[in-house]
Protein chains: 2
Amino acid sequence: MPPAPKSDRTFTISELAREFDITTRTIRFYEDMGLLKPERRGQSRIFTAGDRTTIKLILRGKRLGFSLLESKEMIELYDPAEGNVTQLQTLLDKLAEKRAILAQQLEDIRVMQLELDDVERRCREALATSRPARTSKRAPKTKSNSSRTSGKKR
Amino acid sequence: MPPAPKSDRTFTISELAREFDITTRTIRFYEDMGLLKPERRGQSRIFTAGDRTTIKLILRGKRLGFSLLESKEMIELYDPAEGNVTQLQTLLDKLAEKRAILAQQLEDIRVMQLELDDVERRCREALATSRPARTSKRAPKTKSNSSRTSGKKR
DNA sequence: CGTGAGCTTGACGTTAACGTAAACGTCATT
DNA sequence: AATGACGTTTACGTTAACGTCAAGCTCACG
C-alpha cells in the first residue's frame, strides 16, 4: 500500500508532548476543555494534523497571556464549526475585539521596548564610567555621580 | 502656604483603585507581594506618584500576560534599588531576556493579525455571496457552495 | 453621641491550569 | 511469565491572583 500522504499523518499523545515540550497531562487537559477532539484507537488517542495546529494556536495564545477560553474563542472564530454561518456579524464584532486587544498589546510592547532601551543605555553608561574605559582617549574623569541614586531612601 | 507642587501629590487607596479600575484588595495584595511600599499616616496608606507608576507598569505587564513576579522583575530592572550596581552585566542579560520575550510576542501578534485578516476576508466574502449584493451588478449566481463546510463531520 | 464613609487587618473561598500519584490495561520483547 | 514502555482513568494537590466576608478603628457631621 502507498505510504499514506503526509497530511494524513497522525500523532500519539507523547509525540505531541515531546514536540511542544508539554506534558501528556496538559494535552489531556486541553481535551477535557474541549479544545482537542482526538479519535480513539481502542483506548488510545489518535491526534491529527488539525489537533497539532490547535496546540500551536493554544501555545501562541499563552505566550500572549490569553486564557484557554480566549484561545478557544479565537480558534472557533478561525474554524467556524457549526451555526456560526448565521452569526457572521457577531463574528466580525469579535474579530474587531481581538484586533483591539492585539493593538493594545503592540502599543504596550512598543513602550516597554523604549523603556528597556532607556535602562540599557543608562546601564552601559554606568559600565563605561565605572570602568576606566577600554580604548577610550578620554580620562576617567570621575564623572559627576551615579545620577541614578535619586530618591528612595531606605 | 503654597499649593504643594504637583509631583508631591499623594493618593489614597481608593483614589488609585478608582483610577485604574481595580479593587483596594488588589492594591493591598500588590503591597503584600512587595510591589508597593506606601507610607503610613497612622493606619492608612499614603501612595506616592511612584506607587501610581508602579501600578501602571503592573497593569501593562498583565495585559501582556506577565505574572506579578515577572512584572516585579522588570520594575526592579528599571529601578535598580540596591546592590544592583554591582550586577550590571546580570542586568544586561536580563534585559536581553525580556527583549527576546517581547520580540516573540511581536511575532505572535503579527501572525495572529494575519490570521484574523484571513478570517475576516472569508467572512466578508460569505456575507457578500449570501446576501444578493447591495449595489452590485453581478447576479447572485448561487455561487459554488459555502467553501468552508469542509471536513469535521458532527 | 451615634452614624456613616473610609480605612485597617485577618482569614477563608475561588478559579485556572495544570502537577502528581494511584491503579490499571496492552503490547512487544526478553 | 515477567519486565518495560506506552497508554488509560480517577482524583486529590498546588499556585497565582485575587474575591469575599468579618470585625474593628477613626474621624467628620448632623
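Chain letters run A, B, ... following the sequence lines, proteins first, then strands; residues in each count from 1. All heavy atoms count here, side chains included; hydrogens, waters and symmetry mates do not.
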remark   = Its contact letters, B for base, S for sugar-phosphate only and - for none at protein heavy atoms under 4.0 Å, make nucleotides 4-18 of chain D read --SSBB-B-----BB

inquiry  = I'd like to know whether R28(B) forms a side-chain contact (heavy atoms from CB on, under 4.5 Å) with I13(B), so could you lay out the CA-CA distance, the side-chain angles of the two residues, the decisive distance to 0.1 Å, and finally the verdict.
reply    = CA-CA 8 Å; R28(B) 293 195 191 96; I13(B) 193 170; 3.6 Å; yes

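Going from atom CD1 of I27(B) over to atom P of dG19(D) covers 11 Å, rounded to whole Å.
Under the 3.5 Å distance criterion, the side-chain polar atoms of T48(A) are matched with a main-chain donor or acceptor of D51(A).
Under 3.5 Å, the side chains of D117(A) and Q113(A) contain no donor-acceptor pair of N or O atoms.
With sequence neighbours excluded, no residue forms a salt bridge (Lys or Arg N to Asp or Glu O under 4.0 Å) with R41(A). With sequence neighbours left out, the salt bridge (Lys or Arg N to Asp or Glu O under 4.0 Å) criterion links R18(A) to no other residue.
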